[in-house]
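Read the numbers this way: they start at 1 and go in the same order the structure lists the ligands and their atoms. All residue numbers refer to positions in the sequence shown, counting from 1.
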Amino acid sequence: MPDFVTRFAPSPTGRLHLGHAASAFHVWQAAERAGGTVLLRIEDIDQTRCKPEFTKAILEDLAWLGFSWDGPVRIQSEHFADYEAVTHDLARRGLAYRCFLTRREIGELQAKRGLPPSAPYTGAPLPAEEEARRLEQGEPFAWRLSLEAARADLGERYDQLAFDLTTPDGHHEIIKADPASHGDIVLSRKDTPTAYHVACTHDDALQGITHVIRGRDLEDAAHIHVLLQALMGWPQPIYTHHDLVLGPDGKRLAKRFQSKSLASLRADGLTPQDVRRLAGV
Ligand code: GLU
């Protein structure tokens, strides 16, 4: 297995901005230092927000920044069946259950538990008869991963879940994973054939990713990704979370300068080197 395979995995919900560029610089810089490879993956599972024209624009922006990648681009929307197979595998093994609750009902349930609506939700499958009745009536549901079943399945391994966190300057740390901080995550819904966590971990395994490098805004995700990897028998990459580009007021640049796409910076006459400086990489 190659020592260092990483990926850049943007979601084509708009034009790339400085935050994306920073991420790309971190990814390609790490691969260059390690003599590794970079793969490109388009995470366009949200078909209401992702547009093919943005995918095209991403390829143009990356080429302008001077980046190239190995092999074909993986377009996630072409592989929904693969992600559904993961959810069905988990369901078949009793690790996922159908949840028919609406957002409001979950909020009410959480309130009864003395929890805010946003607290990690954990539930359980309905009794078989009740489930069959709802299915017959065509009620929409989400597949959720059962933390309780996952814990039972993994036994001691559940408590030992951890991941290697490497800082961008190479400092290693072993972080104990806390999958429960996510609750019973949604794996898929009626209108969303797969959740990000499923598609991402599936593809990281399929593409032989050894190093995941992404922004701090996604650092919580590793805690649930290692659980999915353990349940699916997938290898675990090393994680690096780089700082986000912040504006002078300390707010995330992505939001503050949403209108400032790489395309508009380019039109303003900035060079890729200027962009790199602005991105602080
Ligand atoms: N598609 C995600 C994003 O654009 C990145 C996910 C990842 O790197 O795991 O924020």
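Contact annotation: the side chain of Leu262 approaches that of Val275 to within less than 4.5 Å [non-hydrogen atoms, C-beta and beyond].
When atom types are taken as modelled, the side chain of Gln110 and the backbone of Ala119 share a donor-acceptor pair closer than 3.5 angstrom.
Taking the six-membered ring where the residue is Trp, His79 and Tyr83 present perpendicular rings, their angle passing 60° and hence far from 30°. In this structure, Trp143 and His88 have perpendicular ring planes: the angle between them is above 60°, well past the 30° mark.
With 3.5 Å as the limit, one finds a donor-acceptor pair spanning the side chains of Ser77 and Asp44. Thr201 and Asp203 share no donor-acceptor pair across their side chains, judged by distance under 3.5 Å alone. With hydrogens and angles left out, the side-chain atoms of His242 and Ser23 include a donor and acceptor closer than 3.5 Å.
Contact annotation: for Leu218 versus ligand 1, heavy atoms closer than 4.0 Å belong to the side chain alone. Contacts between Cys200 and ligand 1 below 4.0 angstrom, taking non-hydrogen atoms only, involve the side chain exclusively.
The closest protein non-hydrogen atom to atom 4 (O) of ligand 1 is Ser11 N, 3.4 Å. Given atom 5 (C) of ligand 1, the protein heavy atom at minimum distance is Ala9 O, 3.3 Å. For atom 8 (O) of ligand 1, the nearest non-hydrogen atom of the protein is Arg7 NH1, 2.8 Å.
In the vicinity of Arg214, heavy-atom distances shorter than 4.0 Å reach the ligand 1 atoms 7 (C), 8 (O), 9 (O). Every atom of ligand 1 with a heavy atom of Tyr196 under 4.0 Å away is listed here by number and element: 6 (C), 7 (C), 9 (O). Ligand-side atoms of ligand 1 in range of Glu43: 1 (N), 2 (C), 5 (C), 6 (C), range being under 4.0 angstrom from any heavy atom.
For His20, the heavy-atom gap to ligand 1 stays at 4.0 angstrom or more.
Residue Arg41 has no N or O atom closer than 3.5 Å to an N or O atom of ligand 1.
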